[in-house]
Protein chains: 2
Amino acid sequence: MSPTEDAASSMVTLADIAARAGVSMSTVSRALNRPGMLPAATEKHIRRIAAELGYRPNRAARALSTGQSDLVLVVVPDIANPFFPRLLRAAQRTLIDAGLYGVLVDTSDSPETETRLIREVARNTHGIINMSSRLVADDLIALSKEQPLALINREVPGVPGILLDAEAGIQAGLERLVDLGHRRFAYVRGPAVSWSNRRREEAVRGYLARDTTLGLVTVDPGDSTFDGGVLAAESVAVSGVTAVQVFDDVMAQGVIHGLLTLGLRIPEDISVLGCDGTLAPSIRGTLATVALDYEEAGALAARTLIQLRRGVEVPQPHIRVPGSFLPGTTIVQAPSPQEVTGVDSRADVPAGADSPLAATDR
Amino acid sequence: MSPTEDAASSMVTLADIAARAGVSMSTVSRALNRPGMLPAATEKHIRRIAAELGYRPNRAARALSTGQSDLVLVVVPDIANPFFPRLLRAAQRTLIDAGLYGVLVDTSDSPETETRLIREVARNTHGIINMSSRLVADDLIALSKEQPLALINREVPGVPGILLDAEAGIQAGLERLVDLGHRRFAYVRGPAVSWSNRRREEAVRGYLARDTTLGLVTVDPGDSTFDGGVLAAESVAVSGVTAVQVFDDVMAQGVIHGLLTLGLRIPEDISVLGCDGTLAPSIRGTLATVALDYEEAGALAARTLIQLRRGVEVPQPHIRVPGSFLPGTTIVQAPSPQEVTGVDSRADVPAGADSPLAATDR
DNA sequence: ATGAAAGCGCTAACAG
DNA sequence: CTGTTAGCGCTTTCAT
């Protein structure tokens with residue numbers, strides 16, 4: 001059979017059912033939307049007829065009447081960034097199960113576009129799931145006062161947020177590295193504006209601070225891409241570290257590529273730890289990384305939003321979904337001590353061609 | 001400023017503008033929706049007031065009145081499959097520019113779910129973009145009679161479709177391989193149901209048929225994943241080929257992994273050519289592949305749908321968007337002839353552990 | 001327990 | 001050229 005009813009039956013209206021059942025429209029409406037309000041017999045009768053006729057509510061009419069849409073705006077800076085698809089999938093499935101529909105909007109990483117599109121689209125939605133928003137906190141707070149708003153990877157006071165927190169995974173990875181004899185580490189940064197980046201650097205810094213014999217160098221590439229990683233590799237190479245934690249997997253691939261090009265061996269000379277687990281399904285068993293629970297986080301965001309739509313106060317506004325260490329072949333025993341070179345300048349230096357020098361900062 | 005108007009002003013209605021402008025609602029409606037119908041002066045005046053008040057149309061009301069929604073259903077088998085995000089992004093941007101909104105639905109690769117969700121959601125949308133649909137042709141034909149329908153990677157008679165056609169890229173890649181001295185090739189298949197897979201195999205077969213000295217072996221893994229690729233590697237290894245075209249990049253990574261595990265060298269012993277270019281932004285410069293133009297295809301699908309919504313007959317129902325060969329380090333000179341082993345069984349054999357034997361089929 | 005009726009915001013005849 | 005009017009399909013008082 002055809003996947004939708006034919007044109008005629010898809011236009012079945014409450015009035016049609018009412019006529020057929022010999023009751024009024026309001027009765028039909030009640031039977032369908034307020035289970036238990038009517039005598040069980042009539043309710044069942046009406047529901048049967050509705051089913052027979054293949055009735056599907058006209059959402060626009062309902063929205064107009066109630067002033068409440070079943071549309072949820074889902075905002076993403078870049079759908080093609082492998083960080084988002086699994087989140088989207090989980091959120092979308094949860095929404096569908098609740099009878100809600102997600103309108104997907106890609107903001108091209110631009111706060112202006114984000115503002116414009118939200119303003120344009122949000123008029124006709126009820127609820128927003130905003131992933132890795134590029135807006136400033138104040139805008140998000142203001143937005144959350146107009147409409148239910150659930151954030152992903154933003155920690156804004158008073159606004160519910162789901163946080164994909166790599167800390168535990170990063171620290172487990174670092175622990176493994178320390179056990180393997182590594183003492184000098186680099187962290188290659190991601191986008192400065194990103195909550196994830198700040199959080200990850202904190203995690204690295206926090207873990208290494210436990211032991212004063214451990215050293216950290218941070219590298220600030222211009223660009224959080226594969227190419228940025230390639231560039232960052234120069235700084236990593238001269239920094240004398242034996243292990244590097246990179247902001248995400250794509251950059252980590254760039255770092256590896258860059259290090260190999262510079263004549264270093266991976267992992268013999270330098271161990272590399274990525275983050276996100278986005279490449280795992282495609283290129284398994286190579287890059288050690290931190291796997292994030294996208295399914296859980298996406299579903300949580302949707303569930304939070306559904307609560308907010310219902311007017312339920314969300315008790316715990318910020319939920320952290322922990323990531324876990326995913327071993328790989330890019331991590332091995334630290335090279336023997338005499339091969340390790342120390343560095344001791346102090347300021348962070350961008351990994352540009354001119355100043356390919358990284359610096360210790362603790 | 002806040003990204004949306006405040007609650008009060010976001011509820012500005014046509015009547016408000018009419019009152020403020022001292023005209024009737026219909027005049028306002030005309031000024032806003034039928035540019036040029038009114039005297040330029042009044043139109044401008046009304047538009048100014050509307051802008052001042054921060055008017056945003058209530059789409060539900062408009063939909064109810066016109067019987068036409070500005071929602072477009074976008075159906076995808078699996079958002080997390082890297083084949084789709086860039087298509088989605090392009091389609092979504094084109095839709096937004098046309099004032100339309102995409103409701104995203106993921107069918108979990110299941111035709112049943114696809115049918116159910118389309119039936120449920122399509123009632124309230126006008127137009128469907130269906131990517132790599134799992135439905136049978138008849139269902140799609142039926143669906144296209146109820147609502148504008150644009151397909152991606154499905155070739156269904158009478159239904160407009162955009163086809164990401166890897167043929168040209170595959171053939172350019174094969175040509176390169178032939179120039180490098182390769183004579184015996186394998187094709188590792190993707191999902192049997194997939195249009196892409198059939199088309200790609202055809203492309204390989206068609207190209208190699210030009211020269212009777214060229215041989216082809218096909219391998220049928222159980223599963224179109226990284227692991228399927230690993231399994232397929234066994235058959236590839238024993239087939240005596242020196243070059244292999246794999247259905248897609250993810251499987252190609254699996255094949256490479258499998259071949260390496262079996263002790264073969266890549267690319268010295270076997271050259272590998274992937275397809276899709278999905279891994280290119282993350283792992284550049286390694287896998288030779290066929291880059292597809294997702295941006296063009298996604299935009300074309302959206303534009304086609306927009307035409308259909310306007311009642312415009314689409315002249316050329318099936319548009320092929322050609323892919324192009326993307327060189328990589330997995331392709332080199334064929335090993336010297338004496339190293340090459342021939343195979344000459346004839347039937348396709350699944351690449352299972354029990355029968356790790358591939359077969360020549362032309 | 002059920003029906004009648006008003007109205008959500010907008011569009012589209014139909015008048016003037 | 002512009003205003004009046006009647007719905008679109010549904011929910012929701014308010015009566016009965």
Side-chain angles (χ1 to χ4, degrees), chain A residues 5 7-47 49-50 53-71 99 120 122-126, chain B residues 5 7-47 49-50 53-71 99 122-126 309:
Chain A
E5 309 300 320
S9 68
S10 82
M11 297 317 276
V12 177
T13 173
L14 276 195
D16 299 333
I17 303 175
R20 191 87 124 63
V23 296
S24 75
M25 276 177 55
S26 16
T27 304
V28 178
S29 175
R30 284 167 189 135
L32 264 28
N33 304 313
R34 305 249 195 271
M37 191 193 193
L38 266 43
T42 33
E43 179 178 324
K44 232 179 89 182
H45 178 224
I46 292 176
R47 282 176 172 278
I49 295 190
L53 265 41
Y55 171 74
R56 328 220 140 255
N58 180 326
R59 310 250 164 203
R62 180 176 294 173
L64 183 55
S65 176
T66 60
Q68 249 209 101
S69 167
D70 54 3
L71 259 30
E120 186 180 318
R123 165 74 161 85
N124 299 288
T125 59
H126 183 45
Chain B
E5 309 300 321
S9 68
S10 83
M11 296 318 276
V12 177
T13 174
L14 276 195
D16 299 333
I17 303 177
R20 191 85 123 64
V23 295
S24 77
M25 276 177 55
S26 20
T27 303
V28 178
S29 175
R30 284 167 190 134
L32 264 28
N33 303 312
R34 304 252 195 271
M37 194 194 192
L38 266 42
T42 32
E43 179 178 324
K44 234 179 87 183
H45 178 224
I46 293 176
R47 281 176 173 277
I49 295 188
L53 266 41
Y55 171 73
R56 329 225 137 253
N58 179 327
R59 310 251 163 202
R62 181 178 292 174
L64 183 56
S65 175
T66 60
Q68 250 207 93
S69 167
D70 54 2
L71 260 30
R123 165 75 161 89
N124 299 289
T125 59
H126 182 46
R309 279 178 52 109

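Lettering follows sequence order; numbering is per chain, from 1.
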In whole angstrom, what separates [X]'s [atom1] from [N]'s [atom2]?
{"X": "B/Met25", "N": "C/dG9", "atom1": "CE", "atom2": "P", "value": "9 Å"}
{"X": "B/Ile17", "N": "C/dG9", "atom1": "CD1", "atom2": "C1'", "value": "11 Å"}
{"X": "B/Asp16", "N": "C/dC10", "atom1": "CG", "atom2": "C1'", "value": "13 Å"}
{"X": "B/Leu32", "N": "C/dC10", "atom1": "CG", "atom2": "P", "value": "9 Å"}
{"X": "B/Arg30", "N": "C/dC10", "atom1": "CZ", "atom2": "P", "value": "15 Å"}
{"X": "B/Leu64", "N": "C/dA12", "atom1": "CG", "atom2": "C1'", "value": "13 Å"}
{"X": "B/Leu14", "N": "C/dG7", "atom1": "CG", "atom2": "P", "value": "18 Å"}

inquiry  = Please classify the nucleic acid contact of B/Ser26 as base, sugar-phosphate, or nothing, using heavy-atom distances under 4.0 Å.
reply    =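 It contacts base atoms.
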request  = With heavy atoms under 4.0 Å as the rule, sort A/Met37 into base, sugar-phosphate or nothing.
outcome  =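 Answer is nothing: A/Met37 stays at 4.0 Å or more from every strand.
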What is the minimum heavy-atom distance between [X] and [Y], and which atoms define it?
{"X": "A/Asn58", "Y": "B/Leu64", "value": "ND2-CD1, 4.1 Å"}
{"X": "B/Leu38", "Y": "B/Glu43", "value": "O-OE1, 4.1 Å"}
{"X": "A/Pro57", "Y": "B/Arg123", "value": "O-CG, 3.8 Å"}
{"X": "B/Arg309", "Y": "B/His126", "value": "NH1-O, 2.7 Å"}

Using OP1 and OP2 only, check whether a side-chain N or O of [X] sits under 4.0 Å from [N].
{"X": "A/Ser24", "N": "C/dG3", "answer": "yes"}
{"X": "B/Arg62", "N": "C/dG9", "answer": "no"}
{"X": "B/Ser65", "N": "C/dG9", "answer": "no"}
{"X": "B/Arg34", "N": "C/dA12", "answer": "yes"}

message = Applying side chain to side chain contact (heavy atoms under 4.5 Å, CB included) to A/Arg62 and A/Asn33, what does each step give before you reach the verdict?
response = CA-CA 11 Å; A/Arg62 180 176 294 173; A/Asn33 304 313; 3.5 Å; yes
request  = Go through the side-chain N and O atoms of B/Ser26 and B/Ser29 and say whether any donor and acceptor fall under 3.5 Å apart.
outcome  =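 No donor-acceptor contact under 3.5 Å links the two side chains.
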Five-pair end axes of the helix from C/dA1-D/dT16 to C/dG16-D/dC1, angle between them (10°) =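 Angle reported: 40°, given to the nearest ten degrees.
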key: Pair of N/O donor and acceptor under 3.5 Å linking C/dA12 base with B/Thr66 side chain   =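 Between C/dA12 and B/Thr66, which were checked side chain against base, a qualifying N/O pair under 3.5 Å is absent.
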inquiry  = Given 3.5 Å as the limit, does a donor-acceptor pair link the side chain of B/Arg56 with the main chain of A/Glu120, or not?
reply    =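 Not at all, since once roles are kept as given, no pair shorter than 3.5 Å links the two residues.
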Bounds of contact between DNA chain D and chain B, in 5' to 3' order, using a heavy-atom cut-off under 4.0 Å =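 Boundary nucleotides touching chain B, in 5' to 3' order, are D/dC1 to D/dG9.
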key: Passing candidate, side-chain contact (heavy atoms from CB on, under 4.5 Å) with A/Tyr55, options A/Ile46, A/Leu32, A/Val28   =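 Option passing the side-chain contact (heavy atoms from CB on, under 4.5 Å) with A/Tyr55: A/Leu32.
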query = Can you list the steps and then say if B/His45 with B/Val23 is a side chain to side chain contact (heavy atoms under 4.5 Å, CB included)?
reply = CA-CA 11 Å; B/His45 178 224; B/Val23 295; over 6 Å; no
ask   = A/Ser29 or B/Val23: which one's nearest nucleotide on DNA chain D is closer to the 5' end?
value =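 Comparing both residues, the 5'-ward one is B/Val23.
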message = Would you compute the distance between atom CE of A/Met25 and atom CG of A/Asp16 and round it to the nearest 0.5 angstrom?
response =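 That separation rounds to 10.0 Å.
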